[in-house]
Amino acid sequence: MISFIKKSYVVIILIIMYAPIALLMLFSFNNSKLPIWKGFTLSWYAKMFNDASIQQAFMYTIIIAIISSFAATVIGTFAAMGINRMVSWQKNIAMNITYIPLLSPDIIIGISLMMLFSVIKLPFGLPTLIVSHITFSTPYVILSVMPKLKQMDYNLYEAALDLGATPWYAFKKVIFPEIMPGVIAGAFIAFTLSIDDFVVSFFNKGAGVDTLSIKIYSMARKGVNPTINAISTIMFSTIIIILLVMNIKVNKKLSKSQTK
Amino acid sequence: MHRKSLAYPYLIWAAIFIVVPLLLIVYFSFFKDGSFTIQNYQKFLEDYYIKALIRSIELAFISTVICLVMAYPLAMILSDKHMTNKQIILLLVVLPMWMNSLLRTYAWGSLLENNGVINSMLKAVQLAPITFLYGNGAVIFGMVYNFFPFMVLPIYNVLCKIDPSLIEASYDLGADKVTTFRKVILPLSMPGVVTGIVMVFMPALTTFLITRLLGGGKINLIGNIIEEQFTRTNNFGFGSAVSMILMIIVLITLAFMSKKDSLDKGGGLF
């Protein structure tokens with residue numbers, strides 16, 4: 001009975017989360033501009049593939065997400081480890097700085113970076129977008145790694161050193177496996193935030209360099225456009241496939257290590 | 001390998017791209033054409049802006065509470081070792097974050113609008129259509145929908161790390177399920193809860209996109225006011241001043257949260 005309630009709770013939440021997405025996908029095949037079913041068509045997809053500016057925006061979005069999430073994960077993981085070793089007052093300062101972009105509205109990060117870039121005369125475009133994405137996603141990585149470091153027994157690391165491990169080896173064999181879920185979650189969040197970001201990019205984009213969000217926003221402003229649904233259907237399907245494949249691999253590894 | 005100098009690259013980065021831009025906001029909010037003024041802050045005291053501020057805090061608070069109440073049981077269910085397929089379900093919970101929030105909000109709009117899918121279905125079964133959109137309810141709904149995964153993830157992460165023997169010990173010592181939850185699981189999960197609250201309250205307080213798409217321009221929150229200053233009226237001074245006020249609220253929240261939990265229990269955020 002209890003397990004039934006639990007299962008239905010999970011199912012209801014998933015339905016609420018996926019209803020609009022399913023709808024979006026459905027209407028990408030709809031032979032009408034209105035959200036009323038008028039028959040199957042692929043014309044929105046044809047429109048999308050023939051639009052050079054959409055392809056370009058897609059490329060920019062992926063490039064920015066990969067570079068910025070990788071940089072944020074590396075910088076953030078090491079930062080969390082460093083901050084964790086600091087004495088109390090230093091830690092407070094470092095964490096309060098970390099909280100600034102986390103707690104600042106996107107819009108404030110956006111406008112403040114915009115002002116900085118114009119003051120130092122950095123031309124708006126790919127560099128400003130990547131820098132701003134790294135800036136707002138690194139704190140999320142730190143926050144996601146930090147609890148893992150807190151829960152880790154520091155004596156384990158010292159024991160590894162006492163037993164003759166080099167600091168790098170001890171990091172690889174002791175610390176990293178412990179904080180790994182946090183690092184992965186952090187990288188995941190960083191990538192997500194980069195893809196999802198609209199506000200910060202909006203203020204820091206350059207002429208001719210649009211991310212998908214900005215492209216979609218400018219399309220949506222001109223009225224209902226099922227091409228948007230087609231783009232998101234493609235994006236979403238790709239992500240589902242990648243994540244499911246990754247997940248199956250992880251599960252296989254797990255079951256292998258269990259049988260050993 | 002495990003020392004504080006590891007944080008230096010980040011701290012240098014943060015100084016240039018976090019601290020300096022903030023100082024620029026302070027500067028622009030107080031200086032007009034090079035001379036000092038508090039005119040921008042005086043303008044904020046107008047009734048219209050104060051009301052928008054109060055409404056923003058109200059809606060963000062309600063959304064955060066709803067997210068927490070919905071996410072905690074879900075995180076608990078998912079962290080249960082006996083749960084089948086929990087990896088895939090967790091993946092499904094987090095997956096919508098990968099989809100553009102602009103799009104998801106837009107999709108909800110088309111689902112809920114007066115001639116949208118839900119109302120067409122209601123009409124088909126002879127029920128009166130409901131006006132979902134362009135009210136506080138729709139905005140709260142949009143906030144919960146958009147930020148829900150950010151509440152689930154941190155709570156789930158912390159719950160998974162709880163040593164099951166602590167829970168068993170609690171049962172062995174005669175505690176029932178409720179007591180065990182209250183005295184063992186809940187306190188141990190607080191770091192995740194605090195992180196979750198921060199991750200939901202912050203974007204909810206400051207969104208302007210959700211209000212635009214689901215509030216139909218009728219509901220102006222603090223984010224909408226800032227956006228207007230920078231995109232329409234081009235009043236950078238006033239925009240910076242409103243941003244400053246928002247930052248102060250955010251800092252007060254942060255101070256409150258850190259006192260409430262992390263500092264004295266040593267968990268989570270600090």
Side-chain angles (χ1 to χ4, degrees), chain A residues 6 9-10 13-14 17 19-21 23-24 35 75 78-79 81-83 85-86 91-92 94-95 97 99-105 107-108 111-113 115-116 119 131 135 138 143 147 150-151 157 167-168 170-171 175 181 185 192 195-196 198 213 216-217 220 228 232 236 239 243 247 251, chain B residues 1-7 9-11 13-14 17-22 24-25 28 70 73-74 77 87-89 91-92 96-104 106-108 110-111 116-117 153 157-158 161 191 195 198 202 206 208-209 223 226-227 230 239 243 246-247 250 254 267-268 270:
Chain A
K6 281 181 179 175
Y9 185 69
V10 173
I13 284 190
L14 288 180
M17 290 181 92
I21 293 165
L23 193 84
L24 212 72
I75 297 172
F78 286 124
M81 287 165 56
I83 291 168
R85 299 308 305 156
M86 285 176 174
K91 195 184 274 189
N92 274 342
M95 285 317 283
I97 292 175
Y99 270 111
I100 296 171
L102 191 84
L103 289 160
S104 304
I107 196 169
I108 289 186
I111 58 152
S112 65
L113 281 169
M115 289 196 249
L116 175 77
V119 167
V131 167
T135 304
T138 307
L143 273 195
K150 285 262 182 249
Q151 284 160 346
Y157 173 72
W168 173 247
F171 167 74
I175 298 174
T192 308
I195 296 253
D196 209 39
F198 162 68
S213 295
I216 288 164
Y217 182 72
I228 298 172
S232 49
F236 200 52
I239 285 159
L243 289 183
N247 198 62
N251 278 349
Chain B
M1 197 53 220
H2 198 196
R3 59 173 76 104
K4 62 186 179 188
S5 59
L6 288 172
Y10 165 69
L11 291 178
W13 182 281
F17 295 110
I18 297 173
V19 179
V20 172
L22 281 185
L24 284 175
I25 293 185
F28 279 104
M70 283 173 66
L74 185 68
I77 294 170
Q87 290 295 332
I88 290 181
I89 294 167
L91 204 67
L92 286 174
M97 300 201 312
W98 291 68
M99 237 196 159
N100 200 287
S101 64
L102 192 77
L103 275 172
R104 288 183 292 132
Y106 179 76
W108 265 116
S110 70
L111 196 69
V117 175
L153 254 193
N157 277 338
V158 174
K161 268 279 180 178
T195 307
V198 165
M202 185 274 291
T206 60
F208 70 94
L209 201 66
I226 297 175
E227 182 230 352
F230 282 90
S243 308
L246 201 54
M247 293 294 287
V250 148
L254 168 62
F270 288 98

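In what follows, every chain begins at residue 1, and chains take the letters A, B, ... in the order their sequences are listed.
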Test item: [X] and [Y] side chains (from C-beta on) under 4.5 Å apart, heavy atoms:
X	Y	answer
A:Ile111	B:Ser243	yes
A:Tyr9	B:Pro73	yes
B:Leu24	A:Ser112	no

What part of [X] gets within 4.5 angstrom of chain B, counting heavy atoms only: side chain, backbone, both, or neither?
X	value
A:Leu14	side chain
A:Ile108	both
A:Leu23	side chain
A:Ile107	side chain

Partner residues of A:Val131 under the side chain to side chain contact (heavy atoms under 4.5 Å, CB included) criterion, sequence neighbours left out: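 For A:Val131, the residues satisfying side chain to side chain contact (heavy atoms under 4.5 Å, CB included) (neighbours in sequence not counted) are A:Phe117, A:Thr135, B:Trp13, B:Phe17.
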Side chain, backbone, both or neither: which part of B:Leu246 has an atom under 4.5 Å from a heavy atom of chain A?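 Side chain only.
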Listed partners of A:Lys6 passing side chain to side chain donor-acceptor pair (under 3.5 Å), at least two apart: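 Result, side chain to side chain donor-acceptor pair (under 3.5 Å) vs A:Lys6: none returned.
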Candidate pair B:Val158 and A:Gln151, rule side chain to side chain contact (heavy atoms under 4.5 Å, CB included), full reasoning: CA-CA 9 Å; B:Val158 174; A:Gln151 284 160 346; 4.1 Å; yes
Taking atom CD1 of A:Ile75 and atom CG of B:Leu11, what is their separation to the nearest 0.5 Å?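 Reported value, rounded in 0.5 Å steps: 11.0 Å.
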Find the distance between CD1 (A:Ile13) and CG (B:Leu74) and round it off to the nearest 0.5 Å.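 With rounding to 0.5 Å, CD1 (A:Ile13) is 4.5 Å from CG (B:Leu74).
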